[in-house]
Amino acid sequence: MLDINNITVSVDEKTILKDLNLSVGEGELHVIMGRNGSGKSTLANILSGSDKYKISSGKITYKGEDINILSPEERSHLGIFMSFQYPVSIPGVNTMVFLRTALNSIRKARDEDEVDAADFLKIVKKNISIVGLDESFLYRSLNDGFSGGEKKRNEILQLLTLEPDLAILDETDSGLDIDALNIVARGINNYRNKKRSIILITHYQRILEHLKPNNVHILMDGKIVKSGGVDLANKIEEKGFSWLEQEA
Ligand code: ADP
Ligand code: MG
């Protein structure tokens with residue numbers, strides 16, 4: 001699904017990722033952990049195609065295609081989705097209209113028929129019940145006045161509605177109470193299947209109790225310094241990151 005090959009990434013002359021490698025197979029869930037400022041969101045942003053970052057070397061291949069030059073829109077049409085660490089509010093843009101426009105623009109790019117309003121309502125009502133938000137949220141402006149937890153659930157609503165092939169979830173479990181965390185985990189599991197891949201950025205081992213990740217990677221100073229299973233996440237929860245520096 002995704003092959004990140006030796007990429008070095010900078011922003012405003014500052015190198016953030018250095019010779020980073022990561023491969024994610026079809027149906028796999030990879031977890032990225034790391035201290036604040038280690039480059040996790042940078043990794044998410046360059047995958048979704050943000051133009052703020054400069055990739056000075058290396059290659060990103062998605063479904064066998066070099067995506068470095070593709071715009072965020074083109075990547076979205078190819079099935080890449082990103083949930084933002086800090087979802088923005090867009091006053092005046094109705095959540096339902098936003099979701100339907102996003103879905104139909106992806107379908108159009110793939111020469112598929114657009115979903116009409118009635119069919120879309122069925123899809124989105126099913127999905128909003130999975131994320132435990134009231135249907136009234138669909139008629140409000142996107143994220144406008146939503147609480148932190150409601151914004152994160154709304155990101156999962158987008159995930160379930162757009163059905164991407166590769167989902168990059170940047171701290172979607174941060175700032176959630178226990179109930180909301182369980183709901184977000186349920187949404188991710190609902191989305192997950194043998195064909196869909198996920199990169200999950202998180203600080204907490206707790207969400208991994210609900211999701212069975214294939215790999216856990218630790219990002220430090222712009223590089224993956226260690227990879228393992230859930231036990232690695234448990235060790236981080238218990239001991240923090242400094243033991244890894246000593247090991248390195
Ligand atoms: P994480 O998500 O792991 O907390 P980020 O990828 O957001 O880390 O940031 C990695 C590093 O890049 C941080 O030190 C951050 O300050 C720096 N950085 C991000 N954007 C910019 C920018 N526009 N200019 C300078 N430094 C930046
Ligand atoms: Mg971040």
Side-chain angles (χ1 to χ4, degrees), residues 2 4-22 24 29-60 67-68 71-72 75 80-89 143 146-156 158-159 166-176 180-181 184-185 188 197-208 211 213 215-228 232-233 235-237 239-245 247-248:
L2 179 74
I4 302 174
N5 213 307
N6 260 308
I7 51 161
T8 295
V9 176
S10 59
V11 59
D12 296 336
E13 311 288 306
K14 183 183 169 194
T15 303
I16 300 171
L17 303 178
K18 296 161 202 156
D19 296 324
L20 183 129
N21 291 290
L22 179 68
V24 179
L29 194 168
H30 288 245
V31 175
I32 311 278
M33 302 182 89
R35 285 191 179 121
N36 293 325
S38 57
K40 303 180 300 297
S41 292
T42 301
L43 176 62
N45 287 329
I46 55 139
L47 291 175
S48 64
S50 165
D51 57 8
K52 271 196 269 176
Y53 304 86
K54 186 169 165 277
I55 303 179
S56 54
S57 63
K59 201 170 165 183
I60 304 173
I67 57 165
N68 274 6
S71 68
R75 295 180 198 211
I80 297 178
F81 169 88
M82 175 174 163
S83 155
F84 292 98
Q85 182 172 359
Y86 305 109
V88 289
S89 307
N143 289 326
F146 289 25
S147 74
E150 288 162 353
K151 285 181 184 169
K152 299 284 170 136
R153 293 185 199 204
N154 191 33
E155 295 289 293
I156 298 298
Q158 292 169 37
L159 173 74
L166 172 65
I168 302 141
L169 308 177
D170 192 357
E171 295 201 29
T172 309
D173 59 334
S174 283
L176 299 180
L181 183 95
V184 162
I188 295 170
S197 309
I198 304 173
I199 295 175
L200 178 86
I201 295 169
T202 184
H203 283 298
Y204 309 106
Q205 159 278 345
R206 183 172 270 152
I207 193 165
L208 305 183
L211 312 169
N215 287 89
V216 174
H217 309 279
I218 312 299
L219 192 62
M220 203 173 252
D221 297 329
K223 270 193 174 186
I224 289 173
V225 294
K226 201 168 184 73
S227 298
L232 180 56
K235 196 165 171 184
I236 295 294
E237 180 95 13
K239 296 186 166 181
F241 293 101
S242 44
W243 62 277
L244 277 165
E245 269 163 350
E247 207 172 77

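Just follow the structure's listing: the first ligand is 1, and inside any ligand the first atom is 1.
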Do any N or O atoms from the side chain of [X] and from the backbone of [Y] form a donor-acceptor pair under 3.5 angstrom?
X: Lys152; Y: Gln85; result: yes
X: Asn143; Y: Val88; result: yes
X: Lys40; Y: Arg35; result: yes
X: Gln205; Y: Glu237; result: no

Atoms of the protein (N/O/S only) found under 2.8 Å from the Mg ion (ligand 2): Ser41 OG, Gln85 OE1

Residues which pass ring-ring contact (aromatic ring centres under 6.0 Å, His included) with His30, listed by chain and number, not counting sequence neighbours: His217

Tyr53: partners by ring-ring contact (aromatic ring centres under 6.0 Å, His included), with sequence neighbours left out: none

Gap separating the CG atom of Asn21 from the CD1 atom of Ile224, nearest 0.5 angstrom: 8.0 Å

Of Val216, Ile168, Val31, the residue whose pairing with Leu200 passes side chain to side chain contact (heavy atoms under 4.5 Å, CB included): Val31

Greater than 12 external heavy atoms within 6.0 Å of Asp221's CG: no

Set of residues that line ligand 1, where lining means a heavy atom lies under 4.0 Å from it: Val11, Asp12, Lys14, Ile16, Arg35, Asn36, Gly37, Ser38, Gly39, Lys40, Ser41, Thr42

